[in-house]
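Contents: one structure, followed by commentary.
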Amino acid sequence: MPTAYNPRDVEEKWYRYWEENKFFHSEVDPSRVPYTIVMPPPNVTGQLHMGHALDNTLQDVLIRWRRMQGYNVLWLPGTDHAGIATQAKVEEQLAREGLSKYDLGREKFLERVWAWKEEYGGRITRQLRRLGASCDWDRERFTMDEGCSAAVREFFLRLYEKGLIYRDYYIVNWCPRCQTVISDIEVEHLEKPGQLYYIKYPAREGGDYLVVATTRPETMLGDVAVAVHPADDRYRHMVGKVLVLPLVGREIPVIADEYVDPSFGTGAVKITPAHDPHDFEVARRHGLPQIKVMNEHAVMDGEAGPYRGLDRWECRKAVLRDLKEQGYLLKVEDYTHAVGHCYRCETVIEPMISRQWFVRMKPLAEPAIAAVKEGRIRFVPERFTKIYLHWMENIRDWCISRQLWWGHRIPVWYCQDCGETMAERETPEKCARCASPRLEQDPDVLDTWFSSGLWPFSTLGWPQKTRDLEYYYPTTVLVTGRDIIFFWVARMITSGLFAMEEVPFKEVFIHGLVLDALGRKMSKSLGNGVDPIEVIESHGADSLRFMLVTGNTPGSDLRFHFERLDGARNFANKIWNASRFVLMNLDGYRPEEAPGPEAYTLADRWILSRYARCVRAVTESLEAYELGEAARAIYDFLWDEFCDWYIELAKPRLYHPREPRDRQLAQHVLARVLKGALELLHPFMPFITEEIWQRLPHRGRTIMLAPWPVYQPELVDEGAEAAMELLMEVTRAIRHIRSEMNVPPGKTATAVLVAEEEGARELLAGWRHYVEGLARCRVELRAACDAPPPQSAHGVARGVKIYVPLAGLIDINREASRLEKELAAVEKELARVKGKLASEAFLTKAAPDVVEKERAKEKDLSARAASLRQRLAVLRG
RNA sequence: GGGCGCGUAGCUCAGUGGGAGAGCGCUUGACUCACAUUCAAGAGGCCGUAGGUUCAAUCCCUACCGCGCCCA
């Protein structure tokens, strides 16, 4: 084995071994309990980014852990067709050839998209394999494969038949660049600096006028009214009067509506129903017309009069110029406000009236609210429940049609002769009403999230009643980022409850975003993304996974620091070398002849006790979704306890055993604890643990399927832990003296240990060789401190006084100041404890064990202080 | 405007109603036969501010300040 761990040598090999042997595969087995996760499907043409790496690492940890626990684990992978994103990529590709999708036509264009999908579709799944994802590739799905498409159609039809889908003219969010409508949640509101323009609208008769304030003056061309608040005394006399719209000359009424905020601007608001969602609602209430002044390219047309042909920003300038010239523009203020942007391309969206398909959400939301309120679905962390409920309780209808070509075509046909609208499961031949064969399918496709909303059951065979569906549904847990709770989690819940009458998953484990080192979101435009594949190549998949899991608290964001990656790699290397040590010293070890517990040394009992606690801590943390805590527990155990103490204590037993049996015993405990720790670590670092586990004595074909270590309370040995703690503290005290007094590491010192207490003295007598080995010294044990050695440095550890004679080496002043410093710290602490114990309230009200603890503390601190003081007195002569 | 999260060592972040933790960085010493991707020792913190609850608050409650996110 090389002295440094090289992930490249092992990762690919083991992944192939696992996959070829179908260790990831799951089959229905009613005799076993299923544990199911459906993978949030990454975009088919995308590539792995850090968000995917985090999301899938977390899933893989849970999956591997539960698999080892014996559950029948299914992790179902797949990809999403990602309508807008994919279509945009192919359009870019065409643009480089000087073509547009219209040059090709719908059919040819779709061929190109499918070809693209074939070419790039496998990229991300190959990358997931490199990450170590142990998902069942035999069940890989795609949101536009045959089964999912059938599910989409069936689902649409069921909603349609229940009257939950309708088509209507409504104000929608239009992206002038993507040339499609997007849903409300796809609009990103960004704070942008802008201006607030105050415009004068004169009354038709007399010199009266109103002043409106607006951030979008160009839309005034489509104004149909000015609204004021009904209770606003300033304007009460104006309500019902008629104003003349500047530049246009249109006569518009002054109306009263509660929607108006009297404190904003002038308290008078222009109403542009065709280009503002709020105005749209106001106009509906008042029966006002809608006047379109802009087309789908955000260029003025319709009733825009002389401004026709200008794009919206040019038009704004022109309108302002004209208003100013004609004396209507009274004031301009700087004003920062939230502007809706397309979440895909960041173009400013344009509210527009358009005929689209919608899902009536209220009836679907009710059971989705109940499911969470009744605890049938639980969010982890819990605080996301509130976010979810708030959104569900204020839900609006979902616009599901998209003016794209790539996606699930809306299964609705229109008769060209009689105008009949037909929603059908199978492509119809003729009109159901007039029998005309002249049918045309709706040109639009469905929102991508419509199909991903069905993911937990469409992938298991729905609408067929399959055994898979019966066995694996509802799935156990969904793991996903907090950014898509509304987009996806909420939709799966409503869809699952509607189609299956059962929740799609019992728990939702939400994680944060991976940010760059400066705390910014990783994005293409900033160029601050870190490629997980590059990281895997430089540091290994295990290191990446470990780094993503540790120091991460559920639901909160995570900054990506290369330093932390180095730390994870160092940990892998540490495990590698600890394992090398164990493996190099296993010759002659016969597991079946291992000595029984009666032969265990103190160190053996101690490490087994610590190991047992570690098993419990890791398991409990995983159960609570505290993955970072679990990882930290193994890290601390392996590095601090197993490597730094146990291995050091095992060395003499292996190199110079007093008896062969002790060597056997050390080998046994080393192998057992290391193997168990590797099993605990396997969900986090699958590759290195498999590589080492295979070399250790083991049963079974893979660590993946090794039984998860079970907490054994009989291994917990508090006596051994306390004893080791004392020996470790004495060791640390001697090391401290050696270091402070500049005793060369090669030089063996003498340590005079004075243990007045019998228990401690016996302990030190029995295990003095631990201290001697670990602190490189010769121990002289005494029962009383009658004559401390002259010219020695002093320390105290748990009632044990330590003197390290340093004839000729000791610097009295230096030693005195060291002891003074220590004494000051001890006295400070002692004062605090004494103060506490002096309080009657504390003694009567605090828990008895707490009081007891404080008393013990006082005793220990007093003894330490006394010893230090005495020593100082001697030094000062 | 409403909601949520965060503010702990120089940096990044864990954590807990009862003696402040880790990693990195820093200082000092060591190529000690698993590992210098290491080992040993050390320095470094009114746990954002002000109140309150409690015998006891970094932790619970309230207000405020600062930062970030979501929704309208």
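Residue numbers begin at 1 in each chain, while the letters A, B, ... track the order of the sequences.
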Could you tell me whether the phosphate oxygens of B:G15, OP1 or OP2, come under 4.0 Å of any side-chain nitrogen or oxygen in A:Thr553?
yes

So that I know where these two stand, are A:Phe379 and A:Phe509 an aromatic pair - ring centroids less than 6.0 Å apart?
no

Can you tell me the distance, in whole Å, between the CG atom of A:Asp483 and the C1' atom of B:C69?
11 Å

Testing B:U37, B:A43, B:C4 for proximity to the side chain of A:Lys821, the answer is B:A43

Scan every strand shown for a Watson-Crick or G-U wobble partner of B:A56, both distances under 3.5 Å, and answer none if you come up empty.
none

Distance (rounded to the nearest 0.5 Å) between A:Tyr5 OH and A:Asn570 CG
14.0 Å

On RNA chain B, more 5' by nearest nucleotide between A:Glu191 and A:Glu829 is A:Glu829

Compare the minimum distances between each of B:A14, B:G23, B:A41 and the side chain of A:Tyr635, then state the nucleotide with the smallest one.
B:G23

Using a cut-off of 4.0 Å on non-hydrogen atoms, how would the nucleic acid contact of A:Ala847 be classed: base, sugar-phosphate, or nothing?
base

With rounding to the closest Å, how many angstrom separate the P atoms on B:C33 and B:C39?
14 Å

Of all the choices, B:C55, B:G19, B:U37, which nucleotide is nearest to the side chain of A:Arg569 once you look at every atom?
B:U37

Could you check whether the side chain of A:Lys574 and the base of B:C35 have a donor-acceptor pair of N or O atoms closer than 3.5 Å, going by distance alone?
yes

Starting at CZ of A:Arg776 and ending at P of B:A41, how long is that distance when rounded to a whole Å?
14 Å

Could you tell me the Watson-Crick or G-U partner of B:U37, where both distances fall under 3.5 Å? Say none if there is no partner.
none

Measuring to OP1 and OP2 of B:C13, would you say a side-chain N or O of A:Arg559 lies under 4.0 angstrom away?
yes

Using whole Å, what does the distance between atom P of nucleotide B:G68 and atom CG of A:Asp557 come to?
13 Å

Nearest whole Å is fine: how far is B:G23 P from A:Leu558 CG?
18 Å

Between B:C35 and B:A14, how far apart are the P atoms? Round to whole Å, please.
35 Å

Identify the nucleotide, in any strand shown, that forms a Watson-Crick or G-U wobble pair with B:U12, with both distances under 3.5 Å; if there is none, say none.
B:A22

Minimum-distance nucleotide (side-chain atoms of A:Ala846 versus B:A14, B:G18, B:G42):
B:G18

So, is A:Asn577 close to the B:U38 phosphate, meaning a side-chain N or O under 4.0 Å from OP1 or OP2?
no

Looking only at side-chain atoms of A:Lys836, point me to the closest of B:U37, B:G19, B:C55.
B:G19

Please confirm whether the shortest side-chain N or O distance from A:Ser556 to OP1 or OP2 of B:A14 is below 4.0 Å.
yes

Side-chain N or O of A:Arg396 closer than 4.0 Å to phosphate OP1/OP2 of B:A72
yes

Rounded off to whole Å, could you give me the NZ-to-C1' distance for the A:Lys834 and B:A56 pair?
20 Å

Please indicate whether A:Glu718 has more than 12 foreign heavy atoms, meaning atoms of other residues, nucleotides or ligands, lying under 6.0 Å from its CD.
no

Find out whether the Lys NZ or Arg CZ of A:Arg396 is both under 6.0 angstrom from the six-membered ring centre of A:Trp391 and within 45° of the ring's axis.
no

Considering only B:C70, B:C4, B:U37, which nucleotide approaches the side chain of A:Lys386 most closely?
B:C4

When you measure from the side chain of A:Asp397 to the backbone N and O of A:Met361, does any donor-acceptor pair fall under 3.5 Å?
yes

Distance in Å, A:Ile688 CD1 paired with A:Trp693 CH2, rounded so as to fall on 0.5 Å steps:
15.5 Å

Atom P, compared across B:U8 and B:U53: separation rounded to whole Å:
27 Å

Quick one: A:Glu629 CD to B:G21 P, roughly how many Å, whole number?
15 Å

Please determine, for B:G17, whether a Watson-Crick or G-U wobble partner exists with both distances under 3.5 Å, and give it or none.
none

Using the P atom in both, what is the distance from B:A43 to B:G23, to the nearest Å?
15 Å

Return the nucleotide paired to B:A72: Watson-Crick means purine N1 to pyrimidine N3 with N6-O4 or O6-N4, wobble means G-U with N1-O2 and O6-N3, both under 3.5 Å.
none

On RNA chain B, check which nucleotide each of A:Ile647 and A:Lys857 is closest to and give me the residue with the more 5' one.
A:Lys857

Write down the distance separating the C1' atoms in B:G17 and B:C55, rounded off to the nearest Å.
12 Å

Name the closest nucleotide to the A:Arg632 side chain, picking from B:A14, B:C55, B:U37.
B:A14

Would you mind pulling out the nucleotide paired to B:C47, Watson-Crick or G-U wobble, both distances under 3.5 Å?
none

Row check, A:Trp645 ring normal vs A:Arg735 NZ/CZ: under 6.0 Å, within 45°
yes

To the side chain of A:His736, which of B:U37, B:C55, B:G42 is closest?
B:G42

Checking contacts here: which listed nucleotide (B:A40, B:G19, B:G18) is nearest the side-chain heavy atoms of A:Asp644?
B:A40

Distance, C1' atom - from B:U38 to B:A57, rounded to whole angstrom:
41 Å

So which nucleotide from B:C55, B:C71, B:U37 ends up closest to the side chain of A:His390?
B:C71

Separation of B:U12 atom P from A:His561 atom NE2, nearest Å, is 6 Å

Has the side chain of A:His337 got a donor or acceptor atom that lies under 3.5 Å from a matching backbone atom of A:Tyr335?
no

Quick one: is A:Trp639 getting a side-chain N or O under 4.0 Å of the B:C39 phosphate, OP1 or OP2?
yes

B:G7 -> Watson-Crick or G-U wobble partner, both distances under 3.5 Å, gives B:C65

Just the rounded figure in Å: distance from P of B:A56 to CD of A:Glu852.
21 Å

